S.K.: 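Attaching a single structure in structure tokens format; questions to follow.
Keep in mind the model is a prediction, meaning the values are calculated, not measured.
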Amino acid sequence: ILVDETADLDMAVGSIVLGKTFDNGMICAAEQSVVAVDEIYDELKAKFEARGVCFLEGKDKEALGQYLIKDGRVNPDIVGRSALDIA
């Protein structure tokens, strides 16, 4: 998903969060990444965080990645589970 400076950021964040969390992302078409232009990046990120979205970095990001992908495949134990369950 590309979000630029013409977007209604509240609507974009709400739609993206709903799309990703509805049925825990079971549908392949669920949003997998968001790209924001520089002009709105900080504001968009703050709006995501205000909605409870967590941005991982460093060791936390690496640990989650290792849990999500096992032997080059998606870990079947995480499919259809909520972010809270996985955390």
Side-chain angles (χ1 to χ4, degrees):
I1 296 175
L2 173 62
V3 183
D4 70 13
E5 68 281 355
T6 66
D8 176 326
L9 298 185
D10 290 320
M11 181 179 287
V13 168
S15 296
I16 293 166
V17 170
L18 178 62
K20 190 60 184 168
T21 57
F22 177 76
D23 77 2
N24 295 319
M26 287 291 296
I27 298 172
C28 298
E31 295 76 11
Q32 301 302 320
S33 61
V34 177
V35 177
V37 297
D38 288 339
E39 293 87 345
I40 53 99
Y41 175 85
D42 291 331
E43 183 180 1
L44 184 68
K45 185 175 179 184
K47 288 181 181 292
F48 273 119
E49 289 172 332
R51 292 287 302 263
V53 173
C54 180
F55 292 85
L56 299 179
E57 296 180 14
K59 291 180 181 180
D60 290 334
K61 180 180 175 182
E62 185 177 323
L64 179 61
Q66 289 176 0
Y67 182 67
L68 295 178
I69 305 296
K70 299 275 185 175
D71 300 320
R73 297 188 173 107
V74 173
N75 179 351
D77 293 337
I78 61 104
V79 175
R81 297 191 52 208
S82 73
L84 289 175
D85 287 342
I86 294 169

S.K.: Do you reckon Val34 sits in the same ILVMFWY cluster as Leu56, going by side-chain contacts under 4.5 Å, direct or chained?
M.R.: no

S.K.: Report whether Ile78 and Val53 are members of the same hydrophobic cluster (ILVMFWY, side-chain heavy atoms less than 4.5 Å apart, transitive linking).
M.R.: no

S.K.: Using 0.5 Å steps for rounding, measure from the CG atom of Asp23 to the OG atom of Ser82.
M.R.: 12.0 Å

S.K.: Could you tell me which residues satisfy side chain to side chain contact (heavy atoms under 4.5 Å, CB included) with Asp71, sequence neighbours excluded, listed by chain and number?
M.R.: none

S.K.: Can you list every side-chain hydrogen bond (donor to acceptor under 3.5 Å, both in side chains) pair that touches residues 41-58, not counting sequence neighbours?
M.R.: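 Found Asp10-Lys47.
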
S.K.: Going by side chain to side chain contact (heavy atoms under 4.5 Å, CB included), name the residues that satisfy it together with Thr21, two or more places apart in sequence or in a different chain.
M.R.: Val17

S.K.: If hydrophobic clusters are built from ILVMFWY residues whose side chains come within less than 4.5 Å, do Ile1 and Phe55 share one?
M.R.: yes

S.K.: For a side chain to side chain contact (heavy atoms under 4.5 Å, CB included) with Val3, tell me which candidate from Val35, Val37, Leu9, Val13 qualifies.
M.R.: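 Only one option passes, and that is Leu9.
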
S.K.: Quick one: side-chain hydrogen bond (donor to acceptor under 3.5 Å, both in side chains) partners of Asn24, sequence neighbours excluded?
M.R.: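 side-chain hydrogen bond (donor to acceptor under 3.5 Å, both in side chains) check on Asn24 returns nothing, list empty.
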
S.K.: So, for Asp8 and Met11, which heavy atoms are closest and what is the spacing to 0.1 Å?
M.R.: OD1-N, 3.0 Å

S.K.: Asp38: which residues meet the side chain to side chain contact (heavy atoms under 4.5 Å, CB included) condition with it, sequence neighbours left out?
M.R.: none

S.K.: Report all side-chain donor-acceptor pairs from residues 61-70 shorter than 3.5 Å, counting only partners two or more places apart or in another chain.
M.R.:
residue: Glu62; atom: OE2; partner: Gln66; partner atom: NE2; Å: 3.4

